[in-house]
Amino acid sequence: MKLFSKNFETRLDTVYDAIVVGGGMGGLSAAIYLARYGLKCLVIEKGKGRSLWMQDLRNYLGIDPDAPGRDILNHGTKQAIEWGADYLRGYVEDVTDEGETFAVKVKIGKKDSVYPVFRGKYLIAASGVIDVLPELENMQNVYDYAGYNLHVCMICDGFDMWDQKAVLIVAKESQINAAFVLNWFTPYISVLTHGLCTVSDEMKQKLAEHGYPLYESPIASFIGEDHKMQGVKLTDGTFVEATTGLINMGSIYHNHYLKNIEGLQWDGENLVTNEMAQTSHDRIFALGDLKKGLNQVSVAVADGTLAATQIWRNIRRASQPRKWEENINN
């Protein structure tokens with residue numbers, strides 16, 4: 001059932017088998033499997049996730065390469081609800097481990113917000129990350145190309161930059177090292193710091209040896225039309241010709257609600273998990289971008305399947321077996 005501010009109270013007394021924080025590819029995969037296992041689950045989705053602005057999902061088996069991420073999310077949400085999952089648009093503020101259950105505090109609504117608490121036996125963290133984009137006075141100019149010609153994942157989209165003139169946009173000197181991996185796909189790389197960091201003489205020398213120009217002035221705007229980039233104009237008047245680019249400025253992890261949970265093993269901002277996406281806390285699972293490993297849609301979807309299956313196994317093994325009760329009293 002789709003929950004709203006007007007009907008969520010009908011579920012406040014429900015103890016879900018699992019609460020899924022995040023309605024992206026991994027979270028929806030988990031919800032679909034949980035529901036098909038006959039388990040009660042709630043998906044809480046904050047909106048504006050990473051996969052929402054993917055314009056072409058070109059590397060996923062069986063999907064039209066022109067399919068935008070939002071269409072797949074909408075279809076997956078509909079599918080999860082039809083199988084029996086509950087779905088709520090809201091922002092998870094906090095999670096408290098109560099022993100046998102988790103208390104999940106959710107903010108619903110931007111204005112006149114309410115803060116209900118839902119409870120579940122297991123928690124699946126699938127809230128992902130959001131990529132840092134270059135801040136311009138006109139951010140719509142960035143959105144006109146991000147997800148089209150401007151990519152954030154080299155593994156996903158390196159092929160689409162093959163032998164094109166590309167810009168690598170960074171915020172820290174260490175992020176420039178991506179140029180020496182990106183050159184597998186294209187050697188025509190210009191590095192842009194957007195005025196955010198100082199580049200050492202050693203790194204400048206390394207870039208020069210590879211023939212990669214370095215531009216340290218801030219970006220004024222991306223130039224092109226119909227989402228097709230032609231280049232980048234800098235505030236000093238320089239025009240850098242480019243038809244594609246990789247934004248490598250880091251990511252913001254949506255994992256704040258887990259920081260007070262004891263017993264979790266972290267590797268930086270990523271959670272360490274086993275082969276079933278289970279964290280060091282036996283009732284918390286982490287999917288996709290939140291766990292240590294590759295940040296791919298295909299991986300997140302598989303993680304959702306694994307987590308849901310392990311939760312079902314745990315609950316099934318602790319439950320009484322169902323018996324054929326026909327004529328049992330005769």
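None of these values were measured; they are calculated from a predicted model. Just so you know, these numbers use all the heavy atoms, side chains as well, and skip hydrogens, waters and symmetry mates.
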### Task
Kindly check if the number of other-residue, nucleotide or ligand heavy atoms within 6.0 Å of OH (Y143) is above 12?
no
* Would you indicate whether E202, at its atom CD, is surrounded by more than 12 heavy atoms from other residues, nucleotides or ligands within a distance under 6.0 Å? => no
Ignoring hydrogens and geometry, is there a side-chain-to-backbone donor-acceptor pair from E173 to C197 under 3.5 Å?
no
Is the shortest heavy-atom distance from the side chain of K259 to the side chain of N255 under 4.5 Å? yes
*Taking atom OH of Y257 as the centre, report whether more than 12 heavy atoms of other residues, nucleotides or ligands fall under 6.0 Å from it.*
yes
Any side-chain heavy atom of P134 sitting closer than 4.5 Å to one from I247?
-> yes
ask   = Can you find a pair of side-chain heavy atoms, one from Y16 and one from D86, that are under 4.5 Å apart?
value = yes
Original post:
Is the count of non-hydrogen atoms from other residues, nucleotides or ligands lying under 6.0 Å from K204 atom NZ greater than 12?
Top reply: yes
**Study point:** Side-chain (D157) to main-chain (M154) donor-acceptor, under 3.5 angstrom
**Key:** no
**Q.** Test ring-ring contact (aromatic ring centres under 6.0 Å, His included) applied to H210 and F180, step by step
**A.** CA-CA 9 Å; H210 285 75; F180 310 115; 4.8 Å; yes
Q164 and T243 have their tightest heavy-atom pair at OE1-OG1, 2.7 Å
Requested in this report: Decide if atom CG of D112 counts as having more than 12 heavy atoms of other residues, nucleotides or ligands within a radius under 6.0 Å.
Outcome: no
* Heavy-atom donor-acceptor pair, N248 side chain to I169 backbone, under 3.5 Å -> no
Item to complete: Might you confirm whether atom OH of Y33 has over 12 heavy atoms from other residues, nucleotides or ligands at distances under 6.0 Å?
Response: no
Between the CG atom in L196 and the CD atom in E135, the distance rounded to the nearest 0.5 Å is 9.5 Å
- prompt: Run the ring-ring contact (aromatic ring centres under 6.0 Å, His included) check on H281 and Y122 step by step: do they pass?
  reply: CA-CA 10 Å; H281 188 302; Y122 288 86; 9.3 Å; no
| message | Treating N141 as the side-chain partner and F222 as the backbone partner, does any N or O pair qualify as donor plus acceptor under 3.5 Å? | response | yes
**Message:** Counting only heavy atoms not in F159 (residues, nucleotides, ligands), do more than 12 fall under 6.0 Å from its CZ?
**Reply:** no
- Query: Would you call K165 and E241 a salt bridge, using N to O less than 4.0 angstrom?
  - Reply: yes
Aromatic contact, H256 with Y91 (centres under 6.0 Å): yes
- Under 6.0 Å from the CD atom of E137, do we count more than 12 heavy atoms belonging to anything else shown? no
When the ring planes of Y148 and H227 are compared, do they come out parallel, tilted or perpendicular, using 30° and 60° as the limits?
parallel
Under 3.5 Å donor-acceptor, H194 side chain and P218 backbone:
no
Residues Q175 and L168: closest non-hydrogen pair is O-CD2, 4.2 Å
Would you call the rings of W312 and Y37 parallel, tilted or perpendicular if under 30° counts as parallel and over 60° as perpendicular?
parallel
Q. Would K105 count as a cation-pi partner of Y115, with NZ or CZ less than 6.0 Å from the six-membered ring centre and within 45° of the ring normal?
A. yes
The residue among L258, T279, V272 that forms side chain to side chain contact (heavy atoms under 4.5 Å, CB included) with W266 is L258
L246 and V152 have their tightest heavy-atom pair at CD1-C, 3.8 Å
Does the pair D97/R283 count as a salt bridge with the N-to-O cut at 4.0 Å? yes
Point to revise | Sidechain N-carboxylate O distance under 4.0 Å for K40, D17 | key: no
